[in-house]
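These notes are about the structure you will find just below.
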Amino acid sequence: FVYKGQPVDLRTVGKELGVRYVLEGSIRPIGERLRINVQLIDTASGNHVWAGKFDSPVAEIFDVMDEVVDGLVTTLCVNLGVAEAKRASRQRPEDLQAWALCVQAEVLYLTQPDSKNLLEAEKLVRRASEIEPGYAVSWALLSFLAGLRISWGLSIDLAKDSKEILSLADKALRLASSDPVVLGYSGSAIVWAGQSAQAIDYLERSRAVNPNSSLALLGYSAALWADASPGEGITHLQLFIRRSPKDPYIGLVYYFLSFCYLSLNDAQQAEQAARMSVRHTPGSARAYLVLAMCLTALGRDADAQAQIQKVRQLEPGWTRQYFEDFWRHIFRKPEDAEKLIALARQVWRD
């Protein structure tokens, strides 16, 4: 309101208010509707980071206000993270602080999800932990990345890697037991160490403090799936899709949604979700694997074999035995693992 009605350079605003980003917007009536336009601007360069709009009926404005704010905050969380990573990547590596290294690592594995970039992200975070050993987020993020190694089929020793995940998460939580980011990373990590119940506790605590975290919502849904509650997992994944349909995690959201439907024996819904996962992450072997399993459940064996061939092309080192061991490792109820194993054995013949 200080600048209302004045022509002003937002770079000046950034300096005067001491902020790196400015969110500005307007509300105007269009017939019986209101249009809310917003844009996020980098005050250092004056460039637009993101712009969006929300429409709502005038008569329902108070009903939709919370929904608009929730969607706006969720979107900003994602776009600010990406913007900060780009800013950090322009600096000389030796000038990066622990926080910037962690942000850069997160966006690296998120925007280019393959084993090479996962390992490179780990290197960045290990440097962060060396620069600032008391920075809890770096230890939690290391735990999370170690969990991804398991879920991406890169582990050569599930028990050893699970022990590492739990140790890193414990170290992070001893440094910052109530930090929502630390709880989010740690909870999302220990799912893959076979600790779904503990993961749910961490993620519920994280979401109580920061309900707009995409990572915590995704991790919570995955933990519910592993903890024999795929129906609840579906509810939260559908919430994620409604709130943030362009989120960088959206391909993973559909991946887990497909598995939740498979766990409930709903192969048709599972196939739809798997195809959306392929659409958003066409280079992900995991998406083709779950699609192949869905097609097998639907009796479309020839189509399923075509998807398995794509899995072999993208990840030639993967074996069916690894995923059998992996599912037995993460599921609280053995019968949930055996259901998926039976499908995998039908379609994936090593």
Side-chain angles (χ1 to χ4, degrees), residues 105-106 108-122 125 140-166 168-169 184-196 198-200 202-203 214-227 230 233 237 240 248-260 262-263 273-274 277-278 280-281 283-293 311 314-315 317-332 336-337 340-341 344 348:
E106 182 180 25
L108 179 63
Y109 79 75
L110 189 58
T111 57
Q112 304 172 63
D114 57 40
S115 55
K116 177 184 175 183
N117 285 312
L118 175 60
L119 297 176
E120 185 60 34
E122 280 197 65
V125 182
L141 182 50
L142 272 177
S143 176
F144 177 72
L145 294 173
L148 290 186
R149 267 193 271 123
I150 287 181
S151 67
W152 288 13
L154 301 176
S155 174
I156 57 175
D157 189 329
L158 288 175
K160 180 180 177 181
D161 288 343
S162 295
K163 185 177 180 180
E164 179 190 12
I165 290 168
L166 295 171
L168 289 167
Y185 278 138
S186 299
S188 299
I190 68 171
V191 176
W192 313 122
Q195 301 295 320
S196 59
Q198 185 65 64
I200 288 171
Y202 289 166
L203 290 159
S214 297
L215 171 69
L217 181 54
L218 176 58
Y220 187 56
S221 304
L224 288 168
W225 169 59
D227 202 55
L237 291 167
F240 190 116
Y249 283 112
I250 198 69
L252 267 179
V253 170
Y254 282 110
Y255 170 78
F256 286 118
L257 184 60
S258 181
F259 267 121
C260 284
L262 273 183
S263 294
S277 182
V278 168
H280 287 284
T281 53
S284 170
R286 292 174 299 170
Y288 293 107
L289 173 58
V290 70
L291 178 56
M293 293 169 65
V311 173
L314 289 166
E315 294 288 353
W318 279 9
T319 65
R320 189 192 70 215
Q321 186 60 53
Y322 177 88
F323 284 92
E324 291 188 15
D325 294 340
F326 167 68
W327 289 321
R328 289 188 177 116
H329 178 67
I330 66 167
F331 280 108
R332 181 170 65 84
D336 292 337
L340 299 181
I341 289 170
W348 191 346

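The residues of the chain are indexed from 1 along the displayed sequence.
Contact check for F240 versus I250: side-chain heavy atoms found under the 4.5 Å cut-off. Residues I150 and S162 have side chains in contact (heavy-atom distance under 4.5 Å, counting atoms from C-beta outward). At least one side-chain heavy atom of W318 sits under 4.5 Å from a side-chain heavy atom of W348. Residues L158 and Y322 meet the side-chain proximity criterion, which asks for heavy atoms closer than 4.5 Å. Taking the side chain as every heavy atom from C-beta outward, I330 and S196 never approach each other to under 4.5 Å. Residues E106 and F144 have side chains not in contact (no heavy-atom distance under 4.5 Å, counting atoms from C-beta outward). Side chains of S214 and Y249 form a contact here, defined as non-hydrogen atoms less than 4.5 Å apart. Within the 4.5 Å cutoff, no side-chain heavy atoms of R286 are placed close to those of T281.
The heavy-atom pair separating V311 from A285 by the smallest distance is CG2-O, 3.6 Å. Among all heavy-atom pairs drawn from A121 and L108, the shortest one is N-CD2, 3.8 Å. Of all the heavy atoms in A216 and L203, the pair that sits closest is O-CD2, 3.7 Å. Scanning both residues, V191 and A199, for their nearest heavy atoms gives CG2-CB, 3.5 Å.
To the nearest 0.5 angstrom, L145 atom CG is 11.5 Å from S188 atom OG. Atom OG of S277 sits about 9.0 Å away from atom CG of L291, to the nearest 0.5 Å. Rounding to the nearest 0.5 Å places CD of E315 at 6.5 Å from CG of L154. Here the straight-line distance linking atom OG of S155 with atom CD of E164 works out to 9.5 Å at 0.5 Å rounding. In this structure, the separation between OG on S263 and CG on L224 is 12.0 Å, given to the nearest 0.5 Å. With rounding to the nearest 0.5 Å, the separation of OH in Y202 from OH in Y220 is 15.5 Å.
Between the side chain of S258 and the main chain of Y255, no donor-acceptor pair closer than 3.5 Å is present.
Residue L340 is tested with F326, F331, F323 for a side chain to side chain contact (heavy atoms under 4.5 Å, CB included); the sole match is F331.
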